[in-house]
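What follows is a set of notes on a single structure, which appears directly below.
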Amino acid sequence: MNAVKEEESNMIDIDVKVEYLMDIKREEVEEVVEEVVVGVKRKAEEETKPGKTKKKRVGKGKPWTEEEDDALLKVVGKYGLDFKRIKDDNDKVLAHRTLADLQTRLYLKFPEKYEELRAVTPSSVYAWTSEEDAALKRGVEVHGSDWEKIMSNNEFLKRRKTTVIKKRYNRLLRK
């Protein structure tokens, strides 16, 4: 009988110890949670303080100016949708803009002008000529697969992108 009472006493002691440890852990967890909640509240308050709001920017680089828009319309009137020639026009106003910047700006800011130019631009403007194909083959013989060198050392290929040149060469190999 004593063994049973002693075993019950040990079980009660274990239960008390478990409860005690659970209380300690519960308090630690509550402290950690409280610290996290306080931190989140503080951060939310800082973000909503006047003068602390950040303006979100779309895209990279500087915002477009009216001067840049006017220059873009001027060179588009001259070259149509040949953005490589537009970029090479030596217009200092648009010098820091990429080809993609120019096309995107025209498409988004002046959609009517963009559609008008697309309608009148023949697809043959983008078609490969036999001179370009020959120049590409010679360029590969001289420079290997250094597409930048091939493009920069040949007048026929300067209006093309390096990825387009590479794809064209691979198509020529399949023929």
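What you see is a predicted model, and the numbers here were worked out from it, not measured in a lab.
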Please tell me if the side chains of Tyr114 and Leu108 come closer than 4.5 Å, counting only heavy atoms from C-beta onward. no
When rounded to the nearest 0.5 Å, the distance separating CD1 of Ile150 from NZ of Lys137 is 13.5 Å
**Item:** Crowding at CD, Glu115 (>12 non-hydrogen neighbours, <6.0 Å)
**Value:** yes
Rounding to 0.5 Å, atoms NZ (Lys62) and CZ (Arg97) come to a distance of 8.5 Å
Rounded to the nearest 0.5 Å, the CG atom of Leu136 sits from the NZ atom of Lys166 at a distance of 12.5 Å
Q | Side chain proximity check, Trp64 to Leu72, heavy atoms < 4.5 angstrom | A | yes
Please determine whether residues Tyr107 and Leu73 belong to a single hydrophobic cluster, defined as Ile, Leu, Val, Met, Phe, Trp and Tyr linked transitively by side-chain heavy-atom distances below 4.5 Å.
yes
With sequence neighbours left out, the residues meeting salt bridge (charged side-chain N to carboxylate O under 4.0 Å, His left out) with Arg168 are Asp133
Do we get Arg160 above Trp147's six-membered ring, with its NZ or CZ under 6.0 Å from the centre and within 45° of the axis? no
Heavy atoms of Val93 and Glu67 approach each other most closely as CG2-OE2, 3.6 Å
d(Lys109 NZ, Asp69 CG) to nearest 0.5 Å is 5.5 Å
### Query
With the 4.5 Å side-chain cut-off for hydrophobic clustering, are Val142 and Tyr169 part of the same group?
no
Value for OG (Ser145) from CG (Asn170), rounded to nearest 0.5 Å, stands at 10.0 Å
Do Met151 and Leu172 sit in the same hydrophobic cluster, where Ile, Leu, Val, Met, Phe, Trp and Tyr count as joined when their side-chain heavy atoms come under 4.5 Å apart? yes
### Message
Determine whether a donor-acceptor pair (N or O, by modelled atom type, separation under 3.5 Å) exists between the side chain of Gln103 and the backbone of Ala100.
### Response
no
Value for CG (Leu99) from OG1 (Thr104), rounded to nearest 0.5 Å, stands at 10.5 Å
Identify whether NZ of Lys or CZ of Arg in Arg171 sits under 6.0 Å from the centre of the six-membered ring of Trp128 and within 45° of that ring's axis. no
TODO: Indicate yes or no: at least one non-hydrogen side-chain atom of Thr98 is less than 4.5 angstrom from one of Leu102.
DONE: no
